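This report concerns only the one structure given below.
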Amino acid sequence: MRQRVQQIFAQTIERLRTAGALAVDPVPTFSVMPAKSAEHGDYACNAALVLAKPARQKPHAVAELIVAQLDDPERLIAQAAIAGPGFINIRLDERVWRSVIGAVEQQGDRYGWTVADKPRRINVEYVSANPTGPLHVGHGRGAVVGDALSRLLRAAGHQVTREYYVNDHGNQVDTLARSLHLRYQELQGRSIQFPADAYPAEYVREIARALVEELGPRYLDAPESEWLDLFRQRGIEANLAAIRRDLAELGAEFDLWSRESELHASGAVARLVDALRERGETYQAEASAAAGDRVRRQDSKAAQHAAAQQGGTFARLSQYGDSDDRIVLRHDGRPVYLTSDLAYHLVKFERGYDTLIDIFGADHFVYTKTLRAGLRALGQDAGRQEFVLTQIVRLMRGGQEVRLSKRAGNIELLSDLITAVGPAAARFFFLLRAPTAQFDFDLDVAAQRSLDNPVFYAQYGHARICAVFRRAQQSGVTYRGFDAAAMERLTLPEELSMLRGMAAFGAAVVEAAENREPHRLVYYVDGLIRDFHAYYTRYKKSHRILTDDEVTTQARLGLVNALRQVVHNALELLGVEAPEHMEPLPHEEETA
C-alpha cells in the first residue's frame, strides 16, 4: 500500500515537473513513511521538504502544489493535509483497507511475498559449528537467525542459498580422533589419561563404543598412522549426524553443505596463497612486520603459537584495515585456519553471489575485520560480504542462570533446550531480540501455557481464529469469499486497525529482510495478534463475529479469515508452527 501511495506522489511530481511548475531535474529521492500517530493519518510524505531547495521554493508552497494536483484516479487518498514546515499527512479511504481482504484471499500463502526491484543472489552461511561435538545453545541462536533471515530474504524477492561450512580438517578433528582412540582403549579395559586438550565428554564415549562394537581390539596397539584417518572420519560423521538431527528438529534447513577438507583436496587453499603472492601481498619473516614493538599477552593465541609462526608466510592485511598482518603458512608450509577460511570465502565470491552473509557469534567481531582485509588483499569487493553477529544467550530458571546438561561437561546442549521447551518456543524466543542484543532465555516463561508466554500468545491467537470457523461450521454458516459491499460493515476501530496491520505485512517482511533483523517480524506478529485478542475479548458479547445479520457475519468472517492467513504466513516465515487447535485457557471456551 505504501508503494502505491509513493507512486501517486511520484506521478504527481513528474506531472508538475513536466508542466514547469517544479523546476527539478532529476527528481530527488523522497519517502512515504507510516505516520507516527494515527491522529495524523496513515502515512506522511517528505516530498515537499526534499524538493524545496532544488525547486527554489518554500517547502509549504511545494506541498500546496502537490496536494492540489494529486494524481489519484482511483481515489485511494481520502485526505492529504500539510503539517509543520511541509510534511504531507495522508489518510487513505477506508475501502482501501477493506480491499486487503480480497488481496489476501487471492494471494493465499504468498501474501506478503514481494518481487524485488533489484533481486539479488544471496548466500547465507550459518551455524558452521565444528564437527567435534554437539550443538550448544549459542549455535541454536545462530541457526534460527540464519534460517529466519533466509526465509525473509526469499519472501522479499531474492534468490537465497543457505550454506553450512564443515570444518573437517586440521588439528581440532585430529584431536577428536585421538580422543576417540583413548576412549576406545578405555572401553576395552585399558587405563588411560586424558590430555588437557582432549574431548572428554560423554558423546565421545558413545562414538567410541560404536567403534568397539564394529572394530573390536583391532586398533588397540596399532600405530596412529593406521587408525587416525578412520577414527577422524567416524567421529566427524557421527557428530555431523547429531548436528543434522538437532537442526532438523529446530527447523533450520540448508541447501548446501561445504567441507574444508574438500577445499584442501581441490587445491583451493594452495591457490589462495598463490593469489596473494602474485598480488605482492605476502612476505616471509620471523614475525609480523606490522606488529612493531607491540608485546603480545602471554596467554594470547598469537603468543602461544609464536614459534610455529617464525619463518612463516604472512599476508599484508594491516594495509587493508586489519590490526596486524596475518600468517597464512607456518614455517613448515602448513596453512593456518585463516588460510582455508579465506579460500572458502573466495570460492563463494567466485560462485557469483551479489551478497554474502555470515552469521557469526559476537566473539568473531575482530575476525570479521581480518576476513574483510583478506578479501580486499585478494582484489575482491569486500562490500559484498556482510556479517550478522549474534550475542550470547543466558538460560534462566527461577531467576538463576542454569545449565541444561551435565552429561556433556559444561556444554549447554541445544537438544536439551528443544526437549525442555519445544522447537517453536526455542525459535520464537531466539528471535525475540535483535541478533546483536544479549538476552536471557527464561525457561519458566517459555514452558508456560499462558498469554505471558510470547510464542503461546501468538499461536493461541491463530488457534482462536480457527476456532471461529469451527464454531461457524457447527452453526451452519459458510464464508462465501470477499464481497466489497459486505466489507463496508467493518467500521470498528479494532477492525480497521487489523486491516491496516495486514496491509503492512509485505513492508514488514522487506524491512526485516533488508535490515537483517528477523525480530522485526516477531514484533509485527505480536502487534497483529494483540489487536485480535483485544477485538475478540472486547466484542465477544456486544459485537460477535457470528451475528443474526448475514452481511455483517460475512464481513467479519472475511476479516478473521484474512487475519488467519496473514498470521499463518508470518509464523511460517519465522519457522514457527501455526496450530489450528489449542485447548482453551481455564475459564475460557471457544466462542465467536
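Nothing here was measured: the structure is a model prediction, and the numbers come from that model. This chain uses plain numbering: 1 for the first residue, then up along the sequence.
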inquiry  = Would Arg384 and Asp354 count as a salt bridge (charged side-chain N to carboxylate O under 4.0 Å, His left out) here? Give the steps.
reply    = CA-CA 6 Å; Arg384 289 162 56 196; Asp354 302 303; over 6 Å; no

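- Ser261 and Asp168 are linked by a side-chain donor-acceptor pair at a separation below 3.5 angstrom, with hydrogens and angles left out of the test.
- Electrostatic pairing of Glu224 and Arg178 counts as a salt bridge here, judged by a charged N lying under 4.0 Å from a carboxylate O.
- Here His462 pairs with nothing under the ring pair (Phe, Tyr, Trp, His ring centres under 6.0 Å) rule; sequence neighbours left out.
- Under a 3.5 Å cut-off, the side chain of Asp322 and the backbone N or O of Lys369 do not form any donor-acceptor pair.
- Put simply, the side chain of Arg376 never gets that close to the backbone of Ala382: no donor and acceptor are under 3.5 Å apart.
- Of the possible polar contacts, none joining the Arg245 side chain to the Ser415 backbone as a donor-acceptor pair under 3.5 Å is found.
- Here the two rings, on His345 and Phe349, have centers that are 6.0 Å apart or farther.
- Under the 3.5 Å distance criterion, the side-chain polar atoms of Tyr203 are matched with a main-chain donor or acceptor of Thr132.
- The closest side-chain heavy-atom distance from Gln107 to Gln565 is not below 4.5 Å.
- Shown here is Glu580, whose CD atom has no more than 12 heavy atoms of other residues, nucleotides or ligands within 6.0 Å.
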key: side chain to side chain contact (heavy atoms under 4.5 Å, CB included) assessment of Gln185 paired with His181   = CA-CA 6 Å; Gln185 295 177 62; His181 193 262; 3.0 Å; yes

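- Panel note: side chain Arg427, backbone Leu250; a donor-acceptor pair is recorded below 3.5 Å.
- Here the shortest heavy-atom pairing between Gln385 and Arg372 reads O-NH2, 3.2 Å.
- Counting only distance, with no hydrogens or angles, the side chain of Asp440 and the backbone of Met396 share no donor-acceptor pair below 3.5 Å.
- Residues Gln380 and Leu342 have side chains not in contact (no heavy-atom distance under 4.5 Å, counting atoms from C-beta outward).
- Closest approach of Val124 and Ser150 over heavy atoms only: CB-OG, 3.6 Å.
- The number of heavy atoms from other shown groups lying within 6.0 Å of CD (Glu214) is above 12.
- Under the 4.5 Å side-chain criterion, counting only non-hydrogen atoms from C-beta, Glu105 is not in contact with Tyr111.
- In this structure, Gln438 CD and Gln391 CD are separated by 4.5 Å, a value rounded to the nearest 0.5 Å.
- In this structure, Ser340 and His264 have side chains that are in contact, with non-hydrogen atoms separated by less than 4.5 Å.
- Among all heavy-atom pairs drawn from Leu317 and Gly374, the shortest one is CD2-CA, 3.7 Å.
- Aromatic pair Phe360/Phe365: ring centres not closer than 6.0 Å.
- A donor-acceptor contact shorter than 3.5 Å is absent between the side chain of Asp341 and the backbone of Tyr337.
- At least one test fails for Arg326 against the ring of Phe314: distance under 6.0 Å to the centre or angle within 45° of the axis.
- Side-chain contact between Val212 and Arg209 is absent, with no heavy atoms from C-beta onward closer than 4.5 Å.
- The closest side-chain heavy-atom distance from Tyr344 to Lys348 is below 4.5 Å.
- The backbone N or O of Arg120 lies less than 3.5 Å from a partner atom in the side chain of His158, making a donor-acceptor pair.
- No donor-acceptor distance shorter than 3.5 angstrom exists from the side chain of Tyr460 to the backbone of Ser450, with no hydrogens or angles considered.
- For His364 and Phe387, the distance between ring centers is not under 6.0 angstrom.
- Remark: side-chain polar atoms of Asp147 are not paired, donor with acceptor, to backbone N or O of Ala252 under 3.5 angstrom.
- Residue Gln106 places its CD atom among 12 or fewer non-hydrogen atoms of other residues, nucleotides or ligands, all under 6.0 Å distant.
- Between Leu432 and Pro454, the shortest heavy-atom distance links the atoms CD1-CG, 3.9 Å.
- Side-chain contact check for Trp257 versus Glu163: every heavy-atom pair is 4.5 Å or farther apart.
- Donor-acceptor pairing under 3.5 Å is recorded for the side chains of Ser318 and Asp325.
- For the side chain to side chain contact (heavy atoms under 4.5 Å, CB included) with Arg397, the qualifying choice from Val445, Asp444, Asp442 is Asp444, the only one to do so.
- Two rings, from Tyr126 and Phe254, have their centers less than 6.0 Å apart.
- Residues Thr390 and Thr436 form no side-chain contact, since every pair of their non-hydrogen atoms from C-beta on lies 4.5 Å or further apart.
- For the ring pair (Phe, Tyr, Trp, His ring centres under 6.0 Å) test with Tyr184, the passing option among Tyr219, Phe231, Trp227 is Phe231; the others fail.
- Salt-bridge formation is detected for the pair Arg259/Glu237: a Lys NZ or Arg NE/NH1/NH2 atom is positioned less than 4.0 Å from an Asp or Glu carboxylate oxygen.
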